[in-house]
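Beneath this line is the structure, given in structure tokens, with notes to follow.
Keep in mind that the numbers below use all heavy atoms, side chains included, and drop hydrogens, waters and symmetry copies.
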Amino acid sequence: MAEHILIAIAWPYANAEIHVGNITGSHLPGDIVARYHRLKGNHVLMVSGTDSHGTPVTLRADAEGKPVEEVYKRFHDTFLEVFCNYGITYDLFTSTHTQNHFKVAQSIFLALLQNGFMFTQKSMQWYSPSAGKFLPDRYVEGTCYICGYEGARSDQCDKCGNVLEPEKLIHPHSKTGDGSLELRETEHFYLDLSKLEPDVKRFLRERAAHMRETVLGESLGKIEAEGLKPRPITRDLDWGIPVPVEGWDGKCLYVWFEAVIGYLSAAIEWSHIAGQGEAWRQWWINPEAKQFYFIGKDNIFFHTSLWPAQLMGAGKTFLKIFAGEEQALTLPFDVPANQFMNLEGDKISGSKNWAVWARDALTRYDADALRYYLTANMPEAKDSDWDWAEFVTKNNGELVATWGNLANRVLSFCYKHWDGHVPDVDVQTLRSVDLELLAVIEAGFQTVGGLIEAVKLRAALGEAMRLATAVNQYLDQTAPWSAVKSDKSEAAKTIYTALKAIDSLKVLFAPFLPFTSERLHAFLGYTEPLFGEQYTESVTDALGEHTVLRYRPPVHNIPRWAPSPLQPGQKLNQPSPLFKKLDESVIAEERARLGKQV
């Protein structure tokens with residue numbers, strides 16, 4: 001029976017371009033898993049969007065002297081371009097600055113308030129008399145009173161990792177030059193996470209079989225050591241979602257609280273845009289649905305502890321407020337958070353241009369070549385490192401030599417010697433060596449599929465490449481290149497078997513290498529595509545117009561995660577190489593680009 005699979009991917013801040021670390025950290029692994037489940041015939045909904053609110057966005061707008069909405073939309077458009085060109089197949093990539101998201105986020109807030117999980121409390125916050133406003137935490141810097149780091153924010157020191165009390169910050173100053181600062185009292189809503197701590201701990205223990213040790217260890221370990229403490233969920237801001245309580249003008253929902261609600265609001269928006277009515281309920285009010293959250297390690301606690309707490313705290317009351325009925329919301333199934341990808345031994349830094357920018361890389365390299373290296377080097381259990389020499393080595397030695405050459409030489413040889421058709425052999429006459437190879441490849445659907453379902457994507461890709469190596473070894477053993485001259489019928493059996501194996505491998509590689517798998521699919525004579533199409537669409541609501549990225553499935557959405565159906569005599573199309581060999585000179589050229597001003 002087909003499953004409902006939600007693929008929820010971290011929302012990028014609209015303050016910087018996407019780099020390869022972002023791609024391999026969340027967007028690419030989510031897409032691989034989504035494509036696999038689509039090939040299996042499961043009901044997939046993959047959502048994310050631009051995090052349009054929060055101080056990183058307003059800081060960027062202030063630095064450029066432009067309206068926040070203009071800045072967020074500019075970066076949003078670049079995100080759509082990147083994801084289209086990398087083949088990140090979002091059913092909906094939207095934004096948090098939509099009327100729908102405002103409504104859903106405010107409904108979650110009101111449900112938590114009604115259920116008794118919030119309280120108000122006064123605290124001290126830095127105020128700029130010259131600007132006439134309270135300054136968000138990221139706007140205020142000073143010296144950490146614990147470790148002496150001079151670039152600490154008023155709420156947290158990134159060097160020692162400690163949460164700070166704003167009034168103890170040494171030499172506080174505004175990052176935007178808003179004059180001298182003074183502490184003033186302000187009032188905010190707090191989410192009383194301590195009341196939800198038992199439920200969160202129980203949830204984490206129930207998910208232990210699905211979650212990575214690094215994820216579970218950090219989440220439960222932090223709760224056991226520190227407990228879940230109340231956190232403020234409002235801020236004195238003029239850009240964001242207004243607090244839906246009378247008398248709280250000038251305050252908005254804190255971005256950490258409202259951005260994660262986007263996973264739910266995006267599903268609801270998709271239902272409405274796609275004309276699917278209330279279809280979002282199949283992923284959100286369905287205890288059998290499986291929700292996967294793809295994020296970086298810096299967001300683990302928000303997704304494993306705080307987000308489940310919000311969902312459990314809002315409970316059935318959210319739906320009563322939002323849709324007039326009482327039902328519980330589905331909780332995350334797995335949070336396969338990745339670690340970080342570094343670059344040539346150093347941490348990626350946008351300000352220093354020490355990055356491989358996603359859009360720029362596509363001007364020189366094919367998407368599947370980048371996807372292959374980013375998967376083979378994915379930081380699943382520990383930080384990894386993008387190394388240009390390794391990129392070239394893996395492209396030439398694995399992608400081109402092992403898989404690309406296998407597909408191209410067999411198809412080209414067949415196209416030439418069998419007049420553009422699959423050899424018309426009697427399958428009952430296949431030899432034991434042929435049947436053994438096909439059995440090995442067929443078993444790969446279980447092995448590779450199981451690894452993808454466990455979100456062990458590096459291992460899954462490695463297994464697919466191992467199977468490609470097995471086909472190369474089979475060809476070395478049977479030598480059809482010479483057999484065709486002396487016994488064409490025997491060569492025909494070999495080429496038919498190899499084509500069947502390649503046809504199956506095409507599917508095994510498809511979640512990782514969708515563009516070249518689609519081309520190979522066409523070379524083999526199929527007319528129905530493996531995957532659907534991506535496109536952008538403009539949507540208008542009370543907040544204005546925003547552009548979304550969407551995915552249209554194939555007209556005949558046939559499950560394809562199965563061994564090759566290739567038939568003897570099937571017509572082929574003229575093949576061509578799938579991948580490009582890279583000259584080693586690109587290593588020095590790419591390293592020379594790093595760190596230069598752009």
Inset, instruction - Report the relative orientation of the aromatic rings in Phe292 and His37; use parallel for angles under 30°, tilted for 30 to 60°, perpendicular for over 60°. - result: tilted

Legend entry - Pair listing, salt bridge (charged side-chain N to carboxylate O under 4.0 Å, His left out) test, anchored in residues 8-26, at least two apart: Glu17-Arg359

Legend entry - Interatomic spacing from CD in Glu70 to CZ in Phe75 - rounded to 0.5 Å: 11.0 Å

Legend entry - Pairwise side-chain contact, Tyr293 with Thr304, heavy-atom cut-off 4.5 Å (strictly under): no

Inset, instruction - Could you tell me whether the side chain of Val260 reaches within less than 4.5 Å of the side chain of Leu306, counting heavy atoms only? - result: no

Legend entry - Electrostatic pair Asp31-Arg35, nearest N-O below 4.0 angstrom: yes

Inset, instruction - Please lay out, stage by stage, how Leu237 and Val255 fare under the test side-chain contact (heavy atoms from CB on, under 4.5 Å). - result: CA-CA 11 Å; Leu237 298 169; Val255 70; over 6 Å; no

Inset, instruction - Could you check if a side-chain atom of Phe203 sits within less than 4.5 angstrom of a side-chain atom of Leu331, using non-hydrogen atoms only? - result: yes

Inset, instruction - Heavy atoms only: give me the nearest Ala314-Ile108 pair and the separation to one decimal. - result: CB-CD1, 4.0 Å

Legend entry - All side-chain contact (heavy atoms from CB on, under 4.5 Å) counterparts of Lys297, not counting sequence neighbours: Ile300, Gln339, Phe340, Asp383

Legend entry - Side chain proximity check, Thr24 to Asn377, heavy atoms < 4.5 angstrom: no

List, one per line, each side-chain donor-acceptor pair under 3.5 Å for residues 506-513, sequence neighbours excluded.
| residue | atom | partner | partner atom | Å |
| --- | --- | --- | --- | --- |
| Lys506 | NZ | Asp503 | OD1 | 2.6 |
| Lys506 | NZ | His521 | ND1 | 2.8 |

Inset, instruction - Nearest 0.5 Å please: distance from the CD1 atom of Ile233 over to the CZ atom of Phe117. - result: 12.5 Å

Inset, instruction - Any chance you could lay out the side chain to side chain donor-acceptor pair (under 3.5 Å) test for Glu278 and Trp280, step after step, and finish with the verdict? - result: CA-CA 5 Å; Glu278 302 299 302; Trp280 62 272; 3.1 Å; yes

Legend entry - Interatomic spacing from OH in Tyr263 to CG in Leu311 - rounded to 0.5 Å: 11.5 Å

Legend entry - Within residues 510-520 or reaching into it, pairs that qualify as side chain to side chain donor-acceptor pair (under 3.5 Å) - sequence neighbours excluded: Asp368-Thr516, Arg519-Ser576

Inset, instruction - Please name all residues satisfying side-chain contact (heavy atoms from CB on, under 4.5 Å) with Ala34, sequence neighbours left out, ordered by chain then number. - result: Ile7, Arg38, Val44, Met46

Inset, instruction - May I ask you to check whether Ser95 and Ser52 show a side-chain donor-acceptor distance below 3.5 Å? - result: yes

Inset, instruction - Please state whether the rings of Phe93 and Tyr90 are parallel, tilted or perpendicular, taking 30° and 60° as the class boundaries. - result: tilted

Legend entry - Between CD on residue Glu380 and OG1 on residue Thr214, distance to nearest 0.5 Å: 10.0 Å

Legend entry - Geometric cation-pi criterion, Arg231 with Phe302: 6.0 Å, 45°: yes

Inset, instruction - Check the side chains of His53 and Glu258 for a donor-acceptor pair under 3.5 angstrom, ignoring hydrogens and angles. - result: yes

Inset, instruction - Enter the distance from Asp91:CG to Gln534:CD here, rounded to the nearest 0.5 Å. - result: 10.0 Å

Inset, instruction - Verify side-chain contact (heavy atoms from CB on, under 4.5 Å) between Ser305 and Leu204, making sure each step is shown before the conclusion. - result: CA-CA 8 Å; Ser305 303; Leu204 287 169; 4.1 Å; yes

Inset, instruction - Is it possible for you to check whether Lys394 lies under 6.0 Å from the centre of the six-membered ring of Tyr373, through NZ or CZ, and within 45° of that ring's axis? - result: no

Legend entry - Asp334: partners by side-chain hydrogen bond (donor to acceptor under 3.5 Å, both in side chains), with sequence neighbours left out: none

Legend entry - side-chain contact (heavy atoms from CB on, under 4.5 Å) partners of Arg552, counting only residues at least two apart: Glu533, Tyr535

Legend entry - From CG (Asp385) to CD (Glu390), nearest 0.5 Å: 8.0 Å

Inset, instruction - Could you tell me whether Glu213 atom CD has more than 12 heavy atoms of other residues or ligands within 6.0 Å of it? - result: no

Inset, instruction - Please list, chain by chain and in numerical order, all residues satisfying ring pair (Phe, Tyr, Trp, His ring centres under 6.0 Å) with Trp283, sequence neighbours excluded. - result: His4, Trp270

Inset, instruction - For the pair Asn115 (side chain) and Gly313 (backbone), establish whether a donor and an acceptor sit closer than 3.5 Å, ignoring hydrogens and angles. - result: yes

Inset, instruction - Determine yes or no for a side-chain-to-main-chain donor-acceptor pair under 3.5 angstrom, with Tyr551 supplying the side chain and Gly532 the backbone. - result: yes

Legend entry - Heavy atoms of other groups near Gln446 CD, more than 12 under 6.0 Å: no

Inset, instruction - Run the numbers on Ile18 and Phe83 for side-chain contact (heavy atoms from CB on, under 4.5 Å), then give the verdict. - result: CA-CA 10 Å; Ile18 298 284; Phe83 299 141; 4.3 Å; yes

Inset, instruction - Start with the C-alpha gap between Trp388 and Tyr365, add the side-chain angles, then the distance that decides, and say whether ring pair (Phe, Tyr, Trp, His ring centres under 6.0 Å) holds. - result: CA-CA 12 Å; Trp388 278 109; Tyr365 307 102; 5.6 Å; yes

Inset, instruction - Could you label the plane-to-plane angle of the Phe391 and Trp386 rings as parallel, tilted or perpendicular, counting under 30° as parallel and over 60° as perpendicular? - result: parallel

Quick one: side chains of residues 449-458, donor-acceptor pairs under 3.5 Å with protein atoms, not counting sequence neighbours, listed by atom name and distance.
| residue | atom | partner | partner atom | Å |
| --- | --- | --- | --- | --- |
| Glu453 | OE2 | Tyr36 | OH | 2.5 |
| Glu453 | OE2 | Lys40 | NZ | 3.1 |
| Arg458 | NE | Ala376 | O | 3.2 |
| Arg458 | NH1 | Met378 | O | 2.9 |
| Arg458 | NH2 | Ala376 | O | 3.4 |

Legend entry - Side-chain heavy atoms of Asn299 within contact of Trp256, under 4.5 Å: no

Inset, instruction - Please collect all salt bridge (charged side-chain N to carboxylate O under 4.0 Å, His left out) contacts where either partner lies in residues 265-277, sequence neighbours excluded, each pair once. - result: none

Inset, instruction - Please identify each residue that fulfils side-chain contact (heavy atoms from CB on, under 4.5 Å) with Thr402, with sequence neighbours left out. - result: Met465, Ala468, Thr469, Asn472

Inset, instruction - Could you tell me whether the side chains of His76 and Thr50 share a donor-acceptor contact shorter than 3.5 Å? - result: yes

Inset, instruction - Check whether any side-chain heavy atom of His546 sits under 4.5 Å from a side-chain heavy atom of Glu537, and report yes or no. - result: no

Inset, instruction - Carefully, step by step, assess Arg371 and Ile32 under the rule side-chain contact (heavy atoms from CB on, under 4.5 Å). - result: CA-CA 10 Å; Arg371 285 176 65 113; Ile32 291 168; 4.1 Å; yes

Inset, instruction - Would you check if Leu505 and Leu467 make a side-chain contact, meaning some heavy-atom pair closer than 4.5 Å? - result: yes

Legend entry - Qualifying salt bridge (charged side-chain N to carboxylate O under 4.0 Å, His left out) pairs, either residue in residues 96-111, two or more places apart: none

Inset, instruction - Taking the side chain as every heavy atom from C-beta outward, state whether Leu193 and Glu197 have any atom pair closer than 4.5 Å. - result: no

